[in-house]
Amino acid sequence: TSSHRVCTCFFPLLKFSASDISCLPMCAARGLVINFSSIFASLKLAPPFSQHNIILYSYSLSKCALNMMTKLSAHQFREDGVLCVAVHPGWVRTDMAAILAEQLGSTGELSVEQASRDMVDIMTRVTEEHTGLYLAKDLERLPF
């Protein structure tokens, strides 16, 4: 996937950053990958949707794969001091949300700007205990 390619390309820089300040515990300052996931990736929490909605099927499957990539990458990156998490930012008002509004009953709860601010906040609070996890924006652990 493109997320994997980006992660692979930037990993040498993340690894260098993590080793350059290895006196710090694992934190965003050393190296952090945040993958934007979705509640639709959770086998337990995903809301039901019509089997005819190919957009949600494809989206859900790709986010499940992203979560697995996060878990695998976290295991690989841990020895180099780089954190890797998947985060469900909440229901964000995007073009896709607008397309799905009729089926899902909402165009989204958060603006893109607010979701971005939330992600920056997450960067300051993620620690080693979170690496490899699937999280809500409040850092609550979500079930895969």
Side-chain angles (χ1 to χ4, degrees), residues 1-47 49 51-101 103-104 106-144:
T1 68
S2 55
S3 297
H4 183 259
R5 287 182 180 183
V6 169
C7 216
T8 301
C9 287
F10 278 92
F11 181 69
L13 295 173
L14 291 167
K15 183 177 176 178
F16 176 77
S17 175
S19 67
D20 195 42
I21 51 176
S22 60
C23 58
L24 292 176
M26 285 178 73
C27 62
R30 288 188 63 190
L32 169 64
V33 174
I34 296 181
N35 289 313
F36 283 58
S37 190
S38 169
I39 205 69
F40 288 104
S42 173
L43 298 175
K44 184 175 182 178
L45 301 177
F49 49 86
Q51 64 182 351
H52 303 294
N53 193 325
I54 193 70
I55 293 172
L56 281 179
Y57 265 63
S58 299
Y59 181 75
S60 295
L61 292 171
S62 69
K63 293 300 184 178
C64 283
L66 181 73
N67 284 359
M68 178 56 84
M69 185 194 89
T70 299
K71 195 166 185 68
L72 295 172
S73 296
H75 179 73
Q76 175 188 349
F77 298 171
R78 181 183 294 268
E79 67 186 43
D80 294 306
V82 177
L83 298 168
C84 190
V85 297
V87 176
H88 166 55
W91 186 228
V92 182
R93 287 188 300 273
T94 62
D95 292 343
M96 189 175 91
I99 292 168
L100 299 172
Q103 182 175 350
L104 299 176
S106 172
T107 58
E109 300 164 355
L110 300 168
S111 68
V112 171
E113 294 78 16
Q114 181 60 52
S116 299
R117 283 191 295 274
D118 291 346
M119 289 298 118
V120 171
D121 180 58
I122 287 168
M123 287 181 211
T124 65
R125 296 185 297 128
V126 166
T127 65
E128 185 174 1
E129 73 183 64
H130 298 108
T131 199
L133 298 180
Y134 172 37
L135 305 166
K137 65 182 179 180
D138 61 2
L139 298 184
E140 175 189 338
R141 188 176 184 168
L142 296 172
F144 285 99

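All values below were derived from every heavy atom in this structure, side-chain atoms included, with hydrogens, water molecules and symmetry-related copies excluded. Small disclaimer: the values here were computed from a predicted structure and weren't measured.
- Annotation: the span from Y59 atom OH to C64 atom SG amounts to 11.0 Å, rounded to 0.5 Å.
- Between the side chain of S19 and the main chain of F16, a donor-acceptor pair closer than 3.5 Å is present.
- For H130 (side chain) and T127 (main-chain N/O), a donor-acceptor pair under 3.5 Å exists by modelled atom type.
- H88 places none of its side-chain heavy atoms less than 4.5 Å from the side chain of L45.
- The CE atom of M123 sits 8.0 Å away from atom CE of M119, with the distance rounded to the nearest 0.5 Å.
- The shortest heavy-atom contact between G31 and L14 is CA-CD2, 4.0 Å.
- Taking 4.5 Å as the limit, every side-chain heavy atom of P89 sits out of range of all side-chain heavy atoms of D118.
- At most 12 non-hydrogen atoms from other residues, nucleotides or ligands lie less than 6.0 angstrom from CE of M68.
- Among all heavy-atom pairs drawn from N35 and M69, the shortest one is ND2-CE, 3.7 Å.
- Side-chain contact between V120 and S116 is absent, with no heavy atoms from C-beta onward closer than 4.5 Å.
- Of the possible donor and acceptor atoms, one in the side chain of S42 sits under 3.5 Å from a partner among the backbone N and O of P143.
- In plain terms, the two heavy atoms of F144 and K71 that are nearest each other are CE1-NZ, 4.1 Å.
- When side chains are defined from C-beta on, D80 counts as touching F11, because their heavy atoms get closer than 4.5 Å.
- Within 6.0 Å of atom CZ in R141, 12 or fewer heavy atoms from other residues, nucleotides or ligands are found, so the atom counts as exposed in its surroundings.
- The two residues A18 and V82 come nearest to each other via the heavy atoms CB-CG2, 3.9 Å.
- At distances below 3.5 Å, not a single donor-acceptor pair connects side-chain atoms of T131 with backbone N or O atoms of E128.
- Y134 places a side-chain N or O within 3.5 Å of a backbone atom of S38 that can act as its donor or acceptor partner.
- Here the shortest heavy-atom pairing between F77 and C84 reads CD1-CB, 4.3 Å.
- Of all non-hydrogen atoms in E109 and R93, the two that sit nearest each other are O-NH1, 3.3 Å.
- The backbone N or O of T70 sits nowhere less than 3.5 Å from a side-chain atom of S73 that would complete a donor-acceptor pair.
- Annotation: the span from L83 atom CG to E129 atom CD amounts to 10.5 Å, rounded to 0.5 Å.
- Here the side chain of K63 pairs a donor or acceptor atom with the backbone of F36 at under 3.5 angstrom.
- Side-chain contact between S3 and L66 is present, with heavy atoms from C-beta onward closer than 4.5 Å.
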